[in-house]
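Throughout, protein chains are lettered first and strands after them, A, B, ... in sequence-line order, and every chain is numbered starting at 1.
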There are 2 protein chains.
Amino acid sequence: MAEVEKVSTVMAWELTLRTVSALLKVYDRTFIDKLGIPVTWYDVLVSLSGAPDNRLRAQTLAESVAITRPGMTRLVDAIEKAGLVRREAAKEDRRGSYVVLTDKGELTLAQAHTIHLDDLETNLGRFLDAEDLSDLHRVMNKVWTGHLSLSGRRAMHIETMPAPGPQ
Amino acid sequence: MAEVEKVSTVMAWELTLRTVSALLKVYDRTFIDKLGIPVTWYDVLVSLSGAPDNRLRAQTLAESVAITRPGMTRLVDAIEKAGLVRREAAKEDRRGSYVVLTDKGELTLAQAHTIHLDDLETNLGRFLDAEDLSDLHRVMNKVWTGHLSLSGRRAMHIETMPAPGPQ
DNA sequence: TAGCATATGATGCATATGCAGATACTGCGA
DNA sequence: TCGCAGTATCTGCATATGCATCATATGCTA
């Protein structure tokens with residue numbers, strides 16, 4: 001039983017990884033072809049649009065799209081150069097700055113959103129019924145929740161610590 | 001239900017992407033910390049070990065780990081330098097060469113496999129029961145199969161091809 | 001068998017992004 | 001107030017990897 005379970009975990013993971021990687025490449029290619037921006041920009045714009053006043057600290061933004069702070073510095077440099085976001089000094093903390101979505105950024109995000117929804121439907125939703133989606137969400141939620149408990153919610157520090165049972 | 005379905009596709013995808021990305025980072029970190037090699041090397045070694053005579057053409061290898069040929073050239077350069085694989089001229093086609101797993105490569109692969117299995121169990125299998133794994137595999141298989149048909153059935157053949165169906 | 005389209009792998013260049021350290025600022029304690 | 005530890009961001013450097021292109025080899029066609 002334990003043996004069979006391990007093998008299945010490997011199979012499920014390898015298939016999942018291969019599939020997700022392929023989809024990611026498709027989505028990135030679509031963004032580049034149709035909007036001239038990489039998918040990472042879309043992630044940033046989405047995060048900003050979901051924040052109060054369409055603005056976030058660079059630090060927070062970096063966490064929300066899972067890249068490092070130096071990486072976010074360069075990413076914002078590029079997106080700012082394209083005019084989709086701008087930096088604003090933080091009045092209450094002069095060390096830092098806010099990244100703010102511009103009008104042009106909002107426009108681009110709207111286009112990107114439409115394109116991405118279509119792409120998702122074509123490459124993912126189309127092949128899955130309601131139950132599949134529900135199952136996928138359920139499973140990933142278990143793993144994500146477990147991952148958060150393992151990684152201590154913020155630190156990238158990975159050690160085997162006694163994790164509370166999932167769910 | 002149709003509109004709910006679309007929203008769910010986005011939700012399921014975002015959660016899946018976030019989860020898979022996090023796991024990938026964990027696995028890569030584990031390989032680097034415990035074996036001093038990146039997870040891409042492991043992918044290459046696994047592909048080779050599943051091939052006849054532990055050897056594959058660079059082209060085939062590149063397809064099986066989903067990177068480009070130039071990328072594979074450099075990747076093999078690095079792995080060869082570490083002594084885990086070696087290049088052998090192809091007798092029947094003097095343009096190309098084979099990448100062959102060395103004894104040291106086999107040894108490293110065995111260690112990597114053990115480590116990875118443990119890592120998978122800790123970060124994935126541990127949170128999922130048999131039904132979860134079966135569901136995940138079923139869903140990903142649908143998407144992967146659909147992706148292949150969309151992209152013109154590219155050669156992505158490895159020994160760990162998507163199984164005929166969930167058990 | 002000469003010629004050309006194609007295939008394989010390597011190389012130049014560009015981009016993305018991580019780590020280590022630099023810089024500027026904050027806030028707490030002596 | 002002063003000094004120091006901590007924080008936010010940026011910069012230098014290294015690595016990974018994609019695209020365009022090159023040299024070589026193959027093999028089909030006439």
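- Backbone-only engagement by A:Asp93 is indicated by non-hydrogen atom pairs under 4.0 Å involving sugar-phosphate atoms exclusively.
- If you measure from atom CZ of A:Arg87 to atom P of D:dC10, you get 4 Å, rounded to the nearest angstrom.
- Counting all heavy atoms, side chain and backbone alike, B:Lys104 lies closest to B:Ala82 at NZ-O, 3.1 Å.
- Within the structure, a side-chain polar atom (N or O) of A:Thr68 is placed less than 4.0 Å from OP1 or OP2 of C:dG18.
- In terms of phosphate contacts, A:Thr73 brings no side-chain nitrogen or oxygen within less than 4.0 Å of OP1 or OP2 of D:dT9.
- Of the candidates D:dA8, C:dG9, D:dC10, D:dA8 carries the atom nearest the A:Gln59 side chain, counting heavy atoms from C-beta on.
- Taking every heavy atom of both residues into account, B:Leu109 and B:Tyr42 meet most closely at CD1-CE1, 3.8 Å.
- One finds a side-chain N or O of B:Arg29 lying less than 4.0 angstrom from the OP1 or OP2 phosphate oxygen of C:dC19.
- A salt bridge links A:Arg138 with A:Asp135: the distance from a Lys NZ or Arg NE/NH1/NH2 to an Asp or Glu carboxylate oxygen falls below 4.0 Å.
- Spacing between atom CH2 of A:Trp41 and atom P of C:dT17 amounts to 11 Å, rounded to whole angstrom units.
- Separating the NZ atom of B:Lys81 from the P atom of D:dA16 is a distance of 11 Å, rounded to the nearest angstrom.
- Put simply, NZ on A:Lys25 is 13 Å from C1' on D:dC19, counting in whole angstrom units.
- Distances shown here put a side-chain N or O of A:Arg57 below 4.0 Å from the OP1 or OP2 atom of D:dT9.
- A cation-pi arrangement, defined by a distance under 6.0 Å to the six-membered ring centre and an angle within 45 degrees of its axis, is present between A:Arg57 and A:Tyr98.
- The CD1 atom of A:Ile32 sits 11 Å away from the C1' atom of C:dA16 (whole-angstrom rounding).
- In terms of polar N and O atoms assigned as donor or acceptor, the side chain of B:Arg74 never comes within less than 3.5 Å of the base of D:dA16 in a complementary pairing.
- Rounded to an integer number of Å, the gap from B:Arg69 CZ to C:dT6 C1' is 11 Å.
- Nearest nucleotide to the A:Arg95 side chain, out of D:dT9, C:dC25, C:dT17: C:dC25.
- The CG atom of A:Asp28 sits 12 Å away from the C1' atom of C:dT15 (whole-angstrom rounding).
- In this model, the phosphate group of D:dA25 is approached by a side-chain N or O of B:Arg94 to a distance below 4.0 Å at OP1 or OP2.
- No salt bridge links B:Lys81 with B:Asp77; every basic N to acidic carboxylate O contact stays at or beyond 4.0 Å.
- With salt bridges taken as basic N to acidic carboxylate O contacts below 4.0 Å, none links B:Glu80 and B:Arg86.
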N/O to N/O distances under 3.5 Å, protein versus nucleotides 1-3 of chain C:
none

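- Taken to the nearest 0.5 Å, the CD atom of B:Glu106 stands 5.0 Å off from the CG atom of B:Asn54.
- Comparing B:Pro70 and A:Leu75 by the nucleotide of DNA chain C whose heavy atom lies nearest to each, the residue mapping closer to the 5' end is B:Pro70.
- A:Leu24 places its CG atom 15 Å from the C1' atom of D:dT17, with the value rounded to the nearest Å.
- A distance of 6.0 Å or more separates the ring centres of A:Phe127 and B:His147.
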